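Order of the sequence lines fixes the chain letters, A, B, ..., with proteins taken first and strands second; residue numbering starts at 1 for each chain. Note that the structure is a prediction, hence the values are computed from the model and not measured.
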Amino acid sequence: MKFIETPADWPADESAALAVQDELRTRVVLDEPGPQPGAGLVTGVDVAYDDERDVVAAAAVVLDAATLTVVEEATAVGRVAFPYVPGLLAFREIPAVLAALESLTHNPGLVVCDGYGRAHPRRFGLASHLGVLTGLPVIGVAKNPFTFSYGELGPRRGDFAALRAEDGEEVGRALRTQDGVKPVFVSVGHRTTLDNACSHTLRLAADYRLPESTRLADRLCRRALAEATA
DNA sequence: GCGACAG
DNA sequence: ATCTTGTCGC
């Protein structure tokens, strides 16, 4: 377990955070295919909060992409760095996630996080932000649609519908990972294509609606929070 | 101006 | 995210 250090220059308010997003968004790389689905390592990251006690816990779980076997786990705990503001989630989660990722001994490979990447009001959600700061390929898999809408999609695993911005651009996809179950919302963060992001998501969600990486990271950060709070 | 709104 | 019991279904 590692202690979370919030960067000294972390934005203190919403307008400062917006300025940071505006600057960093230009550094997102979208012309790389990214890791091949099913090969190498995939790392799930997640964060849990106890706002009452101002405590945050993050977890990073490294999986073998082919077998979905756990290769390594890391956690970090500390103080909450930013309030939850829709559109500024990254400022709340990233210091904790970075701390967890930094204590890993393995190269994370593809990082999978909760939330969005390009499917964001300013095209710079958590997955994009994390990607730019680490240089790693990152995708975002969210449980709920944000401000974007999507059309009807088939009922079977693998069926999907585009998540489109006002200008018609496809910023992500609503992807059905299990037959007859509510879809997840996939978008590119950094250094991957949307097609590959969806392929990875489907492979990781072999048995449940959510990717195994997120399920394991979620369990681990909750456990770390409980221990830190106890 | 008001509401909606990833985690 | 988090607060929380029972309950419907395989």
Side-chain angles (χ1 to χ4, degrees), chain A residues 4 6 10-11 14 17-18 21 24-25 28 44-61 75-100 111-132 138-150 157 163-166 171-175 177-190 194 197 201 207-211 213-230:
Chain A
I4 300 165
T6 298
W10 207 242
E14 295 188 24
L18 289 171
Q21 286 188 331
L24 295 183
R25 61 189 292 182
V28 174
V45 293
D46 196 17
V47 183
Y49 302 90
D50 183 335
D51 284 300
E52 284 289 287
R53 307 188 190 193
D54 192 34
V55 179
V56 56
V61 179
T75 59
V77 295
R79 299 251 176 188
V80 178
F82 206 85
Y84 172 67
V85 179
L88 298 178
L89 176 65
F91 296 94
R92 179 167 170 80
E93 306 228 324
I94 279 185
V97 171
L98 286 180
V111 176
V112 181
C113 57
D114 283 23
Y116 287 121
R118 289 181 41 79
H120 176 273
R122 291 168 295 282
R123 304 288 194 284
F124 195 70
L126 170 62
S128 309
H129 201 142
L130 184 62
V132 167
V138 183
I139 67 172
V141 180
K143 297 182 285 295
N144 302 290
F146 191 8
T147 55
F148 298 98
S149 56
Y150 56 101
R157 166 178 161 84
L163 218 52
R164 293 186 188 283
E166 303 298 314
V171 294
R173 284 179 192 155
L175 174 67
T177 54
Q178 294 293 321
D179 292 351
V181 168
K182 175 182 176 177
V184 295
F185 305 89
V186 182
S187 58
V188 166
H190 185 58
L194 184 53
T201 301
D207 300 326
Y208 297 92
R209 174 182 176 237
L210 297 179
S213 43
T214 11
R215 300 183 72 243
L216 292 169
D218 181 72
R219 278 184 13 181
L220 184 55
C221 70
R222 288 186 198 235
R223 203 192 315 155
L225 181 65
E227 289 170 11
T229 297

Please determine whether a side-chain nitrogen or oxygen atom of [X] lies at a distance below 4.0 Å from atom OP1 or OP2 of [N].
X	N	value
A:Tyr49	B:dG7	no
A:Asn144	B:dG7	yes
A:Lys143	B:dA6	no

Across the strands shown, which category fits [X] at heavy-atom distances under 4.0 angstrom: base, sugar-phosphate, nothing?
X	value
A:Leu163	nothing
A:Gly87	base
A:Pro145	sugar-phosphate
A:Ala119	nothing

Spacing of [X] atom [atom1] relative to [N] atom [atom2], expressed in whole Å:
X	N	atom1	atom2	answer
A:Glu93	C:dT2	CD	P	10 Å
A:Asp51	C:dA1	CG	P	12 Å
A:His120	B:dG7	NE2	C1'	12 Å
A:Asp114	C:dT2	CG	P	11 Å
A:Phe185	B:dA6	CZ	P	11 Å
A:Arg92	B:dC5	CZ	C1'	15 Å
A:Asp50	C:dC3	CG	C1'	12 Å
A:Glu52	C:dA1	CD	C1'	13 Å

Assign the ring pair A:His129 / A:Phe91 to parallel, tilted or perpendicular, where the plane angle (0 to 90°) is split at 30° and 60°.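 Ring orientation, 0 to 90° scale: perpendicular.
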Under 3.5 Å, is there a donor-acceptor pair between the side chain of A:Arg157 and the main chain of A:Thr177?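 Yes.
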Checking the side chain of A:His120 only, and the main-chain atoms of A:Gly87 only, is there a donor and an acceptor separated by less than 3.5 Å?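 Such a contact is found between A:His120 side chain and A:Gly87 backbone.
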Could you check which residues of residues 216-230 of chain A get a heavy atom under 4.0 Å from DNA chain B? Sort them by number, please.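 Contacting residues: none.
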Quick one, [X] and [Y] - any side-chain contact, counting heavy atoms below 4.5 Å?
X	Y	value
A:Phe146	A:Pro121	yes
A:Asn144	A:Lys182	yes
A:Thr214	A:Asp46	no

Under 5.5 Å and under 30°: A:Tyr84 stacked on B:dG7: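 Whether judged by distance or by angle, A:Tyr84 passes, so it stacks on the base of B:dG7.
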Minimum-distance nucleotide (side-chain atoms of A:Tyr116 versus B:dG7, C:dT2, B:dA6):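 The nucleotide sitting nearest to the side chain is B:dA6.
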Residue pair A:Tyr150, A:Phe185: steps toward the ring-ring contact (aromatic ring centres under 6.0 Å, His included) verdict: CA-CA 10 Å; A:Tyr150 56 101; A:Phe185 305 89; 5.3 Å; yes
